[in-house]
There are 2 protein chains.
Amino acid sequence: MKRDSRLSSVLHALLHMAEQDGPVTSDILAQCLGTNPVVVRRTMGYLRDAGIVGSDRGHAGGWRIHADLGSVTLRQLHEALGEPAMFAIGNRNEMPECLVEQSVNAALEGAFEEAESLLLKRFSEITLADLAADFARRHAAERSRRS
Amino acid sequence: MKRDSRLSSVLHALLHMAEQDGPVTSDILAQCLGTNPVVVRRTMGYLRDAGIVGSDRGHAGGWRIHADLGSVTLRQLHEALGEPAMFAIGNRNEMPECLVEQSVNAALEGAFEEAESLLLKRFSEITLADLAADFARRHAAERSRRS
DNA sequence: TTTCATGTAACTAACAATGTTACATAACAG
DNA sequence: CTGTTATGTAACATTGTTAGTTACATGAAA
């Protein structure tokens, strides 16, 4: 199944932006992500609509983070992206008449809802600041490894 | 995203088979599932390879359950289907060089692995007998509702 | 007024799940 | 042994989704 990688993409982009002083253009972000500037605009547009980032046109334009890194959680980003489906496995038929299928659906839905709750809970516990700190650790380790 | 509904399908099929005395043909199961007998054979084939069901050709042939309903868990069925990916959300890039992306991947993978563990745990706690019992409850409720 | 940037529509490509067609193979009834 | 009923499976079509691409409009600033 083709997985939705937009959450991963925006996190990657946001952390690169956090490393920069000024705004970062879609072109630069596209290079970082290994994709196309239009895809960046399309995806980052969701975050703009949610007020998490801002974009400016023209000279010295680009994308800027509009919020404190410590106040943005993965859950907020997931919501900003429209809360896409988490699971690649699902019921064959929602709302079936067949009682057998209703039992099957109920069992699977119970398990999936529980897992989704856990995921959302974890997402709400992780902020951009946490990721930035993890990156700083990796960066320091890389430097000491090379010396 | 297009979800994999094979687990839901085989559960539905197995419960219908459990309701019958003799073997059930792919044609009958296809009607129950609202699909094609070839799809049934293809999907049930995984369960046959895992020894959970058996199939016989010719007259009075069809599919039969080869195990006790109480001993078959959703997890076994998931494994028999080849342990397909559970999540529709994923990293943009596995094994990235970029340290930023490594931090992002690590955070997301941690959350997803935790959720997957929970799901597998729940799957291993639910047997076909549990689903059959739930179906019996629904069936009884339906009958009393109609009277 | 030129350049640099985003905004967005429309189209293409890639891929995976499911559906379909066609035919081979096996079991059994008569 | 032959016809019928069933599975086994390869090959192809359909559908749906994500991501990539092209093209052009719009706005801001040098």
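So you know, we letter chains A, B, ... as the sequences are listed, proteins then strands, and number each from 1.
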J.: Checking A/E109 now: which residues fulfil side-chain hydrogen bond (donor to acceptor under 3.5 Å, both in side chains) with it, not counting sequence neighbours?
T.: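 Scan of A/E109 (side-chain hydrogen bond (donor to acceptor under 3.5 Å, both in side chains), adjacent residues dropped) gives A/N91.
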J.: With heavy atoms under 4.0 Å as the rule, sort B/G45 into base, sugar-phosphate or nothing.
T.: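 No contact at all - B/G45 keeps every heavy atom at 4.0 Å or more from the nucleic acid.
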J.: Expressed as a whole number of angstroms, how long is the span from B/R48:CZ to D/dG8:C1'?
T.: 7 Å
J.: B/H59 NE2 to C/dG30 P: how many Å, rounded?
T.: 8 Å
J.: Enumerate the residues from residues 17-31 of chain B whose closest heavy atom to DNA chain C is under 4.0 Å, giving them by residue number; use none for an empty result.
T.: none
J.: Counting only pairs under 3.5 Å, give me each side-chain donor-acceptor contact of residues 47-62 of chain A, with atom names and distances, residues two or more places apart or in other chains.
T.:
from  : atom 1 : to    : atom 2 : distance (Å)
A/R48 : NH1    : A/S55 : OG     : 3.3
A/D56 : OD2    : A/R64 : NH2    : 2.0

J.: Indicate whether any N or O donor in one side chain lies under 3.5 Å from an N or O acceptor in the other, for A/W63 and A/T25.
T.: no
J.: Within the side chain of B/Q76, is there an N or O that forms a donor-acceptor pair under 3.5 Å with the backbone of B/T73?
T.: yes
J.: Hey, are the side chains of A/V72 and A/I65 touching, using non-hydrogen atoms and a 4.5 Å cut-off?
T.: no
J.: What integer distance in Å separates A/R64:CZ from D/dA28:C1'?
T.: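 Spelled out: CZ on A/R64 to C1' on D/dA28 is 13 Å.
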J.: Under 3.5 Å, is there a donor-acceptor pair between the side chain of A/Q102 and the main chain of A/P96?
T.: yes
J.: Does the side chain of B/S55 get closer than 4.0 angstrom to OP1 or OP2 of D/dG8 through an N or O atom?
T.: yes
J.: Any donor-acceptor pair under 3.5 Å linking the side chain of A/S5 with the backbone of A/S8?
T.: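 Here the side-chain-to-backbone pair does not exist.
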J.: How does protein contact run along nucleotides 19-26 of chain D, one letter per nucleotide 5' to 3', with B for base contact, S for sugar-phosphate only, - for none, heavy atoms under 4.0 Å?
T.: BBBBB--B
J.: Starting at the 5' end of DNA chain C, write a dot or bracket for each base, bracketing those in Watson-Crick or G-U wobble pairs whose two distances are under 3.5 Å and using | for partners on another strand.
T.: ||||||||||||||||||||||||||||||
J.: If the plane angle is over 60° it's perpendicular, under 30° parallel, otherwise tilted; pick one for A/F87 and A/F112.
T.: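 Rings of A/F87 and A/F112: tilted, as their planes differ by 30° to 60°.
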J.: Starting at atom CE of A/M44, determine the distance to atom P of C/dA5, rounded to an integer number of angstrom.
T.: 16 Å
J.: Output yes when a side-chain donor or acceptor of A/S144 lies under 3.5 Å from a complementary backbone atom of A/A141, and no otherwise.
T.: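 Yes, A/S144 side chain to A/A141 backbone: donor-acceptor pair under 3.5 Å.
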J.: Suppose clustering is done on Ile, Leu, Val, Met, Phe, Trp and Tyr with side-chain heavy atoms closer than 4.5 Å. Which residues sit in the same group as B/L118?
T.: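 Same cluster as B/L118: A/L118.
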J.: Strictly by modelled atom types, are A/S9 and B/R92 linked by a side-chain donor-acceptor pair under 3.5 Å?
T.: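 A donor-acceptor contact under 3.5 Å links the two side chains.
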